2 protein chains.
Amino acid sequence: MKVTINDVAARAGVSIKTVSRVINNEPSVRPATRKKVMDAVSELNYQPNLAARNLAGTRSYTIAFIYDNPNAYYVIDMQNGILEACKARGYELLIHPSNAGSPTVHRELQDLVEHSKIAGLVLTPPFSETQSVIDTVKRLEVDYVRIVSSEAALEDEGNCIQVDDSAAAYDLTRHLLQHGHRRIGFLCGGEEHVSTHGRLDGYRRAMQNAGIIVERELVLKGEYSFDSGVNGAKKLLQSDNPPTAIFASNDEMAAGALFAARLMNIAIPEQLSIVGFEDSPFSRQTWPKLTTAHQPNNEIAKCAAALLLSRTRGKATESGSASKEAGIKREFTPELVVRDSSGPAPVEIMNDE
Amino acid sequence: MKVTINDVAARAGVSIKTVSRVINNEPSVRPATRKKVMDAVSELNYQPNLAARNLAGTRSYTIAFIYDNPNAYYVIDMQNGILEACKARGYELLIHPSNAGSPTVHRELQDLVEHSKIAGLVLTPPFSETQSVIDTVKRLEVDYVRIVSSEAALEDEGNCIQVDDSAAAYDLTRHLLQHGHRRIGFLCGGEEHVSTHGRLDGYRRAMQNAGIIVERELVLKGEYSFDSGVNGAKKLLQSDNPPTAIFASNDEMAAGALFAARLMNIAIPEQLSIVGFEDSPFSRQTWPKLTTAHQPNNEIAKCAAALLLSRTRGKATESGSASKEAGIKREFTPELVVRDSSGPAPVEIMNDE
DNA sequence: CAGCGTTATGACAGCGCTGTCATAAAGAAG
DNA sequence: CTTCTTTATGACAGCGCTGTCATAACGCTG
């Protein structure tokens with residue numbers, strides 16, 4: 001809005017094209033010239049005009065973030081992470097809340113890509129795991145990065161930032177097992193989320209490794225919501241042989257489970273242990289505070305955006321493609337955070353060991 | 001990215017300038033011509049290219065949303081509301097998370113305004129209430145709308161969307177009074193927030209109208225956080241003459257108060273009533289669910305953005321300035337939502353009435 | 001229907017940048 | 001030191017739109 005490429009060129013005593021070359025890291029600029037330009041840039045505090053860049057070149061300096069997630073903490077963390085990566089590289093972010101269930105998603109995506117020149121898309125669950133959405137994105141031939149549960153990355157590793165739900169769930173379950181729990185209930189998230197299956201898998205593996213056969217009625221379908229946590233926990237706790245611990249597939253469900261236990265006058269963690277998943281802020285705002293697995297959403301998102309951007313600038317980076325993705329972590333395993341909602345299994349009916 | 005103003009012009013058989021006139025609602029276009037153009041626009045599904053618009057005209061089609069709020073629900077609601085308003089009018093949103101405390105805010109704002117051509121700013125608390133920030137914004141001569149507590153709007157009504165914290169707090173307090181509470185503790189939000197003062201004022205007025213003199217030690221300073229709620233409630237409850245109800249200045253603090261009560265084995269609402277403020281999602285995820293005041297953040301934000309946009313398009317709207325702001329609500333009073341954390345005052349020491 | 005004030009429309013430049021292509025400078029080779 | 005490459009730099013058009021200004025069409029009046 002103020003200082004333009006012309007000002008920089010004048011100051012550096014070169015043509016605007018040369019300035020353009022420097023700020024875009026293109027080759028064929030003598031070091032001395034490059035330095036002159038860089039100096040002018042910083043002296044004038046020049047920043048290229050995004051609108052002009054988007055309009056002129058074939059490249060785009062805008063990426064879009066598509067989300068549909070009822071969990072505000074999750075979205076904000078992700079968004080801030082993406083924003084950081086964008087700012088670092090001079091990109092702009094287009095925010096697009098949408099509705100995974102609705103049939104208009106595909107049309108929305110198409111409009112988005114066709115109307116605004118977009119360098120790429122960051123997809124988070126549930127979009128990143130919905131095959132039809134991915135198909136649409138591929139058909140539109142737009143670059144993208146998906147944040148997904150490791151299980152879902154298989155065919156598409158280059159475009160994925162993976163979260164190892166299974167490994168984290170394994171750790172969480174082991175934590176309960178080490179506290180002597182043998183009957184551990186599991187509340188599933190929504191079927192449509194791959195993370196649901198990953199977390200269940202981790203739980204199953206841990207149980208199996210401990211030599212425990214998981215009874216059918218201990219694993220309940222549900223979805224990633226508070227109410228689902230309440231209902232699931234109620235069902236488990238009202239059964240003839242209730243578990244001594246409950247693995248809720250996310251913190252919100254765990255909060256629901258806590259709520260249900262409270263309704264039924266069950267003391268946490270004395271009579272029942274509950275663990276969540278994600279380490280969202282409100283896992284610290286329940287009573288008692290939740291044992292959970294810390295999922296670094298902010299960093300995950302930052303890496304996803306960085307990965308996307310590392311590709312679009314492509315062509316002319318100095319040090320070759322090898323270094324381009326340096327420092328971009330591609331797989332995350334949420335780490336166990338022990339707080340107050342889990343403890344030793346109550347000692348009453350000791351029928352094994 | 002696909003169909004441009006040229007295509008529309010060709011199809012409608014007019015010059016691109018005429019198309020420009022139509023899509024910008026400028027005068028001096030014959031109805032017949034206008035119709036031809038409109039038809040072409042919809043047949044081709046034309047959408048003006050934002051980058052080009054931003055680059056060419058003096059107008060800008062980008063507004064920015066500045067926030068610094070630890071409450072993710074609040075931010076997301078606001079953001080979605082703003083986004084709706086933007087989409088409806090073909091504007092773009094620039095998201096700018098920042099840090100109200102940091103001294104760099106002013107520089108950030110300046111960079112934002114100087115580097116990207118910005119049509120206006122939507123400011124939410126705490127920025128919208130920080131005088132130095134407002135001064136900076138005014139100095140930069142950029143249009144803006146502030147979302148503020150009614151008390152803060154005085155001098156600047158035209159630029160404010162007001163939330164009547166005082167009235168809502170009055171209602172909330174009355175609710176407690178009607179349940180027979182006489183000793184009602186009040187946990188303040190951060191001093192720097194005007195809403196803190198508005199809420200306190202509403203509480204004070206209600207108490208006064210009920211003929212109750214509020215003792216000093218019943219009103220505690222704090223900030224809008226869970227921990228602050230925990231600490232404040234503890235202090236109140238450990239005093240010699242504890243209150244029978246606590247007014248927490250937001251839901252997060254109320255959740256904290258609930259937590260403290262739980263620690264001290266105080267039954268809610270039997271022994272103690274607690275109310276929050278805002279009706280954020282987690283007011284439904286506590287045990288028991290919170291009585292609170294519903295603050296329609298999404299709509300508030302939508303109106304704020306709509307107000308901002310109603311001005312920037314200015315000049316050439318058909319029906320004059322009167323209709324421009326039609327339907328834009330400018331003041332909101334959060335409404336009482338009674339849930340389970342409030343109830344009749346316990347009957348023990350009846351020393352007055 | 002000439003003569004005037006409007007109102008409607010279009011030609012054209014230019015926003016700040018990038019892509020293409022031509023040209024200048026520098027190196028390599030003979 | 002001439003010729004041929006290679007590398008470095010610049011002139012210029014044009015992205016899709018809006019602003020300015022000139023011109024064309026219209027609508028009155030006498």
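Only this structure's heavy atoms are used, side chains among them; waters, hydrogens and symmetry mates stay out. Since the model is a prediction, treat every value here as computed from it, not as a measurement. Letters A, B, ... mirror the listed sequences (proteins, then strands); counts begin at 1.
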What are the two closest heavy atoms between B:Leu109 and B:Leu121, and how far apart are they?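 For B:Leu109 versus B:Leu121, the nearest heavy atoms are CD2-CD2, 4.3 Å.
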Single hit among B:Ile63, B:Ile82, B:Leu83, B:Thr62 for side-chain contact (heavy atoms from CB on, under 4.5 Å) with B:Tyr91: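 One option only clears the test, and that one is B:Ile63.
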Can you tell me how far [atom2] of [N] sits from [atom1] of [X], to the nearest Å?
X        : N      : atom1 : atom2 : answer
B:His115 : C:dG16 : NE2   : C1'   : 14 Å
A:Glu114 : D:dG16 : CD    : C1'   : 17 Å
B:Glu26  : C:dG10 : CD    : C1'   : 14 Å
A:Asn24  : C:dC17 : CG    : P     : 11 Å
A:Leu55  : C:dG14 : CG    : P     : 17 Å
B:Arg59  : C:dC15 : CZ    : C1'   : 15 Å
B:Leu50  : C:dC17 : CG    : P     : 18 Å
A:Lys35  : D:dA8  : NZ    : C1'   : 19 Å

Degree of bending, the helix from C:dC1-D:dG30 to C:dG30-D:dC1 (end axes from five pairs; round to 10°):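 The end-segment axes of the helix from C:dC1-D:dG30 to C:dG30-D:dC1 are tilted 40° relative to each other.
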Atom CD of residue position A:Gln131 - does it have more than 12 heavy atoms of other residues, nucleotides or ligands inside 6.0 Å?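 Correct, the count exceeds 12.
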Just compare [options] and give me whichever is closest to any side-chain atom of [X].
X       : options                : result
B:Arg30 : C:dC17, C:dT9, D:dT18  : C:dT9
A:Arg53 : D:dC15, C:dC17, D:dT18 : C:dC17
A:Arg21 : C:dC21, C:dT7, C:dC15  : C:dC21
B:Ile5  : D:dT18, C:dC17, C:dC15 : D:dT18
B:Thr33 : C:dA8, D:dG19, C:dT18  : C:dA8

Just jot down the ring-ring contact (aromatic ring centres under 6.0 Å, His included) partners of B:Phe65, sequence neighbours excluded, or say none.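 Testing B:Phe65 for ring-ring contact (aromatic ring centres under 6.0 Å, His included), a comparison that skips the adjacent residues, returns B:Tyr67.
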Whether A:Ser20 contacts C:dC17 is assessed here as follows: a side-chain N or O lying under 4.0 Å from the phosphate OP1 or OP2. Is that the case?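 For A:Ser20, the contact criterion (side-chain N or O under 4.0 Å from OP1 or OP2 of C:dC17) is not met.
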Below 4.0 Å: OP1/OP2 of C:dG10 and any side-chain N or O of B:Thr18: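 Yes, within the criterion.
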Atom pair NZ/CD of B:Lys329 and B:Gln162 - distance to nearest 0.5 Å: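 CD of B:Gln162 is found 12.0 Å from NZ of B:Lys329.
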Supply the atom-to-atom distance A:Ile95 CD1 to B:Ile95 CD1, rounded to the nearest 0.5 angstrom.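 It is 4.5 Å, given to the nearest 0.5 Å.
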Under the side chain to side chain donor-acceptor pair (under 3.5 Å) test, residues paired with B:Asp77 that sit two or more places apart: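 With sequence neighbours excluded, B:Asp77 shows a side chain to side chain donor-acceptor pair (under 3.5 Å) to no residue whatsoever.
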Qualifying residues under side chain to side chain donor-acceptor pair (under 3.5 Å), relative to B:Arg11, sequence neighbours excluded: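 B:Arg11: side chain to side chain donor-acceptor pair (under 3.5 Å) contacts with B:Glu43.
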State which residues pass salt bridge (charged side-chain N to carboxylate O under 4.0 Å, His left out) with B:Arg107; sequence neighbours excluded, sorted by chain then number.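 Partners of B:Arg107 by the salt bridge (charged side-chain N to carboxylate O under 4.0 Å, His left out) criterion, ordered by chain and then number, come out as B:Asp111.
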Residue met sooner reading DNA chain D from 5', once B:Tyr61 and A:Ser28 are mapped to nucleotides: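 Per heavy-atom nearest nucleotide, the more 5' residue is A:Ser28.
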Under 3.5 Å: donor-acceptor pair, side chain of A:Asp68, backbone of A:Ala100: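 Checking the backbone N and O of A:Ala100 against the side chain of A:Asp68, a donor-acceptor pair under 3.5 Å is found.
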Positions of residues 7-17 of chain A (non-hydrogen atom under 4.0 Å from DNA chain D), listed by number: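 A:Val14, A:Ser15, A:Lys17, in order of number.
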